[in-house]
*Asks:* 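Here it is: the structure, laid out below.
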Amino acid sequence: AAIQFVRYLMKYYEEQAKAMKNQIMVMILRVGQCIIWCLEKCVRFLNKNAYIQIALMGTNFCTSAQKAFFLIIRNSFRFGAV
């Protein structure tokens, strides 16, 4: 929810910059929104895998998120192909 809030806030600032005809700021905010979107997708992917680790191992969320993160890193080529 926090990442989405930042994205919507950047969208609001983009509209304000567009109204003031500040094209440089519009482009900077669009790039920022793209980066935030990518971050949001990564967090969702990690979150999904953390819940899978919770179901499999029965550990708490933080431990499961750490295990899921290192599992993704170890198998990054496999995840990249999917």
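It should be emphasised that the depicted structure is a prediction, and the values quoted were computed from it without experimental measurement.
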*Asks:* Where do Lys11 and Leu29 land on the side chain to side chain contact (heavy atoms under 4.5 Å, CB included) test, with the steps shown first?
*Replies:* CA-CA 7 Å; Lys11 183 69 175 170; Leu29 288 166; over 6 Å; no
*Asks:* State which residues pass side chain to side chain donor-acceptor pair (under 3.5 Å) with Gln33; sequence neighbours excluded, sorted by chain then number.
*Replies:* Glu14
*Asks:* First locate atom CZ of Arg30, then atom CD of Gln23, and finally report the distance between them rounded to the nearest 0.5 Å.
*Replies:* 7.5 Å
*Asks:* Cluster question for you: counting only ILVMFWY and a side-chain heavy-atom cut-off of under 4.5 Å, with indirect links fine, are Ile3 and Tyr12 together?
*Replies:* yes
*Asks:* Are Ile36 and Ile28 in one and the same hydrophobic cluster, where Ile, Leu, Val, Met, Phe, Trp and Tyr link if side-chain heavy atoms are under 4.5 Å apart?
*Replies:* no
*Asks:* With rounding to the nearest 0.5 Å, note down the distance linking CG in Asn60 to CD in Gln66.
*Replies:* 10.0 Å
*Asks:* In terms of hydrophobic clustering (I, L, V, M, F, W, Y; side-chain heavy atoms under 4.5 Å; direct or indirect links), are Tyr51 and Met57 co-clustered?
*Replies:* no
*Asks:* Would Val6 and Met25 show up in the same hydrophobic cluster when neighbours are defined by side-chain heavy atoms closer than 4.5 Å?
*Replies:* yes
*Asks:* Kindly indicate whether the side chain of Val43, heavy atoms from C-beta on, has any atom under 4.5 Å from the side chain of Leu46.
*Replies:* no
*Asks:* Could you check whether atom CG of Leu56 has more than 12 heavy atoms from other residues, nucleotides or ligands sitting under 6.0 Å from it?
*Replies:* yes
*Asks:* Quick one: list whatever passes side chain to side chain donor-acceptor pair (under 3.5 Å) with Gln4, sequence neighbours left out.
*Replies:* Glu40
*Asks:* Any chance you could measure Gln16, atom CD, to Asn22, atom CG, to the nearest 0.5 Å?
*Replies:* 12.0 Å
*Asks:* List the atom of Ala50, the atom of Ala65, and the distance in Å for their closest heavy-atom pair.
*Replies:* CB-CA, 3.6 Å
*Asks:* Starting from the C-alpha separation in whole Å, work towards a yes-or-no answer on side chain to side chain contact (heavy atoms under 4.5 Å, CB included) for Ile72 and Phe45.
*Replies:* CA-CA 10 Å; Ile72 292 167; Phe45 184 70; 3.6 Å; yes
*Asks:* Any link between Val31 and Val26 through a network of hydrophobic side chains (Ile, Leu, Val, Met, Phe, Trp, Tyr) touching at under 4.5 Å?
*Replies:* no
*Asks:* Should we count CZ of Phe69 as having more than 12 external heavy atoms under 6.0 Å?
*Replies:* no
